[in-house]
A.B. asks: 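This is the structure I want to talk about, given as structure tokens.
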Amino acid sequence: MMDRITYCLFLAVLIASCQNPKRESEKIDDTIKPESEQREVPGGKDGVDSEDRAVRSLATAELHDSSFVFIEKWSDDFVYDMKYATTDNFIGKKVYDCDQCMIRKKVALALMKANRDFMEKGYRIKFFDCYRPLDVQKIMWEVYPVEGYVANPYTSGSIHNRGGAVDITLVDNEENELDMGTGFDHFGEEAHHAYRHLPEKVLGNRKLLKDIMEKHGFKPIRTEWWHYNFGESRAFALSNFPTKCD
Ligand SMILES: C[C@@H](N)C(=O)N[C@H](C)C(=O)O
Ligand SMILES: [Zn+2]
């Protein structure tokens, strides 16, 4: 009799898990930004005021800190060149279907605050990469299995796979990239933070990026000037859903 009950319980649990409800951490934001917050109000100084409103709007949205959001939906003030949605990357192949930046809500908020600081100085963030599915990490590892430049997907994976890392640079008001000394995904010592044989201007640009990102809770990695991990993002779950646009 007991065995029958245990068996029924087991069956019920199995059926429930097969329905595979999305974990909170993998829920994707489908809220609509209020109409009044979609347009910049005239008089805002270089978009900084509108960025403040955008931060408030996302901060008060009914979303879990770990929900994935499309940052483009919450702020008009970023620039995008999502390299893995093109063939212009070290893999030589387009590996994303979507060219938008998808990231955890908590990380998006910090990025919007950092962007506000950059905008006060006449710059803004340009994204090269945000959330990255674990399967894409495996493709990268096949092409370039060197830790420091590509995180090992078979150990702890990349913070990109957890929706907590971004690859970025800065652009000016005409959307010209600041000179950072190397291109994106230059896997060599010239891209390291400790590499000093660069013009003062380049060192200053890297420092500007690093200082403001650190102020907002991001941590650089030793080997790539463009890569920033947010806070304790290892706490976010590894994800592997494909990058699909809204
Ligand atoms: C591949 C490169 N853009 C990158 O993000 N590297 C770091 C180390 C990573 O894979 O997490
Ligand atoms: Zn990166």
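Every heavy atom of this structure was used, including side-chain atoms; hydrogens, water molecules and symmetry mates were not. Indexing begins at 1, ligand by ligand and atom by atom, following the structure's order.
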A.B. asks: I need the nearest protein heavy-atom contact for atom 2 (C) of ligand 1: residue, atom name and distance, please.
C.D. replies: Asp185 OD1, 3.3 Å

A.B. asks: Taking 4.0 angstrom as the limit and counting only heavy atoms of His227, give me the atoms of ligand 1 inside it, by number and element.
C.D. replies: 5 (O), 7 (C), 11 (O)

A.B. asks: Using ring-ring contact (aromatic ring centres under 6.0 Å, His included) as the criterion, point out the one residue from Phe78, Phe184, Tyr80 that pairs with Phe128.
C.D. replies: Phe184

A.B. asks: For His160, take its heavy atoms, then give the atoms of ligand 1 lying under 4.0 Å from any of them.
C.D. replies: 5 (O), 11 (O)

A.B. asks: I need the NE2(His160)-the Zn ion (ligand 2)-OD1(Asp167) angle, rounded to 10 degrees.
C.D. replies: 100°

A.B. asks: Under a plain distance cut-off of 3.5 Å, with no hydrogens placed, do Asp185 and Tyr84 share a side-chain donor-acceptor pair?
C.D. replies: yes

A.B. asks: Just grab all the disulfide bond (SG atoms under 2.5 Å apart) pairs involving residues 174-222, residues at least two apart or on different chains.
C.D. replies: none

A.B. asks: Here's a test for you: under side-chain contact (heavy atoms from CB on, under 4.5 Å), which of Glu72, Met119, Arg116, Met112 qualifies with Asp77?
C.D. replies: Met119

A.B. asks: Is Tyr84 touching ligand 1 with its side chain, its backbone, both, or neither, if touching means heavy atoms under 4.0 Å apart?
C.D. replies: side chain

A.B. asks: Strictly under 4.0 Å, does any heavy atom of Glu147 approach an atom of ligand 1?
C.D. replies: no

A.B. asks: Which heavy atom of the protein is the closest neighbour of atom 6 (N) of ligand 1, given with residue, atom name and distance?
C.D. replies: Tyr149 O, 2.8 Å

A.B. asks: For atom 11 (O) of ligand 1, find the nearest protein heavy atom and state the residue, atom name and distance (0.1 Å precision).
C.D. replies: Ser158 OG, 2.6 Å

A.B. asks: In terms of residue, atom name and distance, what is the protein heavy atom nearest to atom 4 (C) of ligand 1?
C.D. replies: Glu224 OE1, 3.4 Å

A.B. asks: For the side chain of Asn161 and the backbone of Arg132, is there at least one donor-acceptor N/O pair under 3.5 Å apart?
C.D. replies: yes

A.B. asks: Before accepting this row, confirm whether a basic side-chain N of the pair Glu189/Arg222 lies closer than 4.0 Å to the acidic partner's carboxylate O.
C.D. replies: no

A.B. asks: Tell me, do Trp141 and Glu147 make a side-chain contact under 4.5 Å, heavy atoms counted?
C.D. replies: yes

A.B. asks: Is there side-chain contact between Asp167 and His160, with heavy atoms separated by less than 4.5 Å?
C.D. replies: yes

A.B. asks: Do you see an N/O/S atom of Glu224, backbone or side chain, under 2.8 Å from the Zn ion (ligand 2)?
C.D. replies: no

A.B. asks: Nearest protein heavy-atom contact for atom 5 (O) of ligand 1: which residue, which atom, what distance?
C.D. replies: Arg132 NH2, 2.9 Å

A.B. asks: Under 4.5 Å between any side-chain heavy atoms of Leu109 and Trp74, yes or no?
C.D. replies: no

A.B. asks: When you measure from the Zn ion (ligand 2) to each N, O or S atom of His227, which atom gives the shortest distance?
C.D. replies: ND1

A.B. asks: Does any N or O of ligand 1 fall below 3.5 Å from an N or O anywhere on Val150, backbone included?
C.D. replies: no

